[in-house]
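In what follows, a single structure is set out as structure tokens and then discussed.
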Amino acid sequence: MKIGILISGRGSNMAAISDAMASGEIPASKVAVVISDKAGAEGLTKARDRGIETVVVERKGRSRAEHDTEIGDELEKRGVELICLAGYMRLLSPEFVRRFAGKIVNIHPSLLPAFPGLDAQKQAFDAGVKVTGCTVHYVDELLDHGPVILQKEVPRLPDDTVETLTQRILNEEHDLYIAALKKLQSEVQ
Ligand code: GAR
């Protein structure tokens with residue numbers, strides 16, 4: 001399974017996925033390319049340190065559709081079979097979602113459909129929920145939306161701050177993304 005990973009920032013999920021593929025924990029899979037819409041994304045260094053090819057496709061003055069076409073071309077050139085969004089903070093165009101129908105997955109730091117969008121951990125914290133978590137799902141044309149592949153609950157502890165809760169969710173995200181990709185990989189065999 002050839003994977004392309006889209007990032008915008010830190011890239012800790014990207015690193016977890018890449019390491020699990022390199023070690024064989026996710027079998028018969030390889031990260032073909034990491035693409036960022038931000039030239040300064042910290043995750044680009046993490047990818048290069050792992051010997052993974054990186055590409056920057058900035059939005060600049062282009063439309064969403066033009067930007068996404070270029071990203072799609074980079075992915076297709078490398079024969080990518082599955083696209084993993086890992087902190088890619090831009091809504092994909094309907095054209096892109098249709099072009100790669102059923103082949104795009106995303107991770108989000110809440111129990112979707114609760115708290116889509118930015119700062120999901122803070123949204124859950126401010127809402128006073130006792131349990132939140134993270135979700136890996138197929139991507140459709142709506143933001144943080146589409147069929148769920150796996151979810152993991154994370155309890156809010158009495159002395160949690162947004163920061164401690166966010167960190168515990170992130171730790172679970174890494175394991176959840178790996179588990180979801182193992183599941184998808186076993187289904188294509
Ligand atoms: C992660 O918490 C991910 O779930 C979230 O951005 C963070 C990226 O961290 N994504 C979203 O909120 C998508 N709506 P990372 O760059 O270290 O993987």
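In each ligand, atom 1 is the first atom listed, and ligand 1 is the first ligand listed. When reading the values below, keep in mind they use all heavy atoms of this one structure, side chains included, and skip hydrogens, waters and symmetry mates.
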- Report yes if some heavy atom in the side chain of Glu81 is under 4.5 Å from a heavy atom in the side chain of Lys103; otherwise report no.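 With C-beta onward as the side chain, the pair stays apart.
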- Less than 4.5 Å apart, any side-chain heavy atom of Tyr138 and any of Ile104?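 The answer is no; the side chains never approach within 4.5 Å.
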Give the atoms of ligand 1, by number and element, whose distance to some non-hydrogen atom of [X] is under 4.0 Å.
{"X": "Arg10", "answer": "9 (O), 15 (P), 16 (O), 17 (O)"}
{"X": "Asp144", "answer": "13 (C), 14 (N)"}
{"X": "Ile107", "answer": "4 (O), 10 (N), 13 (C)"}

- Task: Run the contact test for Met89 against ligand 1 with a 4.0 Å cut-off on heavy atoms, strictly below, and give the result.
- Result: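 Yes, that is the case, since the closest heavy atom of the residue is under 4.0 Å from the ligand.
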- Is there a heavy atom in Pro109 that sits closer than 4.0 Å to ligand 1?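 A heavy atom of Pro109 does come that close to ligand 1.
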- Task: Could you tell me whether Asp73 and Arg99 make a salt bridge, using a distance below 4.0 angstrom between a side-chain N and a carboxylate O?
- Result: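 Looking at Asp73 and Arg99, the cut-off is met.
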- Message: Strictly below 4.0 Å, N to O, side chains only: are Glu74 and Arg78 in salt-bridge contact?
- Response: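 Here Glu74 pairs with Arg78 in a salt bridge, since their nearest N and O are under 4.0 Å apart.
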- Message: Using heavy-atom distances only, which candidate in Ser8, Gly9, Gly87, Gly11 approaches atom 16 (O) of ligand 1 most closely?
- Response: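 Checking each option, the heavy atom nearest atom 16 (O) of ligand 1 is found in Gly11.
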- Item | Heavy-atom nearest neighbour of atom 4 (O) of ligand 1 within options His174, Met14, Glu173 |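 Residue with the shortest heavy-atom distance to the ligand atom: Glu173.
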- Message: Regarding ligand 1, does Tyr88 bring an N or O atom to under 3.5 Å of one of the ligand's N or O atoms?
- Response: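 Tyr88 vs ligand 1: no N/O contact under 3.5 Å.
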- Item | Residue, atom name and distance, where the atom is the protein heavy atom closest to atom 13 (C) of ligand 1 |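 Ranking protein heavy atoms by distance from atom 13 (C) of ligand 1, first comes His108 ND1, 3.6 Å.
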- Task: Give the residue, atom name and distance (to 0.1 Å) of the protein heavy atom nearest atom 15 (P) of ligand 1.
- Result: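 For atom 15 (P) of ligand 1, the nearest protein heavy atom is Ser12 N, 3.4 Å.
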- Without swapping roles, check the side chain of Ser110 against the backbone of Phe115 for a donor-acceptor pair under 3.5 Å.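 Flag set: sc Ser110 to bb Phe115 pair under 3.5 Å.
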- Query: Between the side chains of Thr54 and Arg48, is a donor N or O closer than 3.5 angstrom to an acceptor N or O?
  - Reply: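 The criterion, which ignores hydrogens and geometry beyond distance, is satisfied for Arg48 and Thr54.
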- Query: Are Leu118 and Leu6 co-members of a hydrophobic cluster defined by side-chain heavy atoms under 4.5 Å apart?
  - Reply: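 As far as the 4.5 Å side-chain criterion goes, Leu118 and Leu6 are not connected within one cluster.
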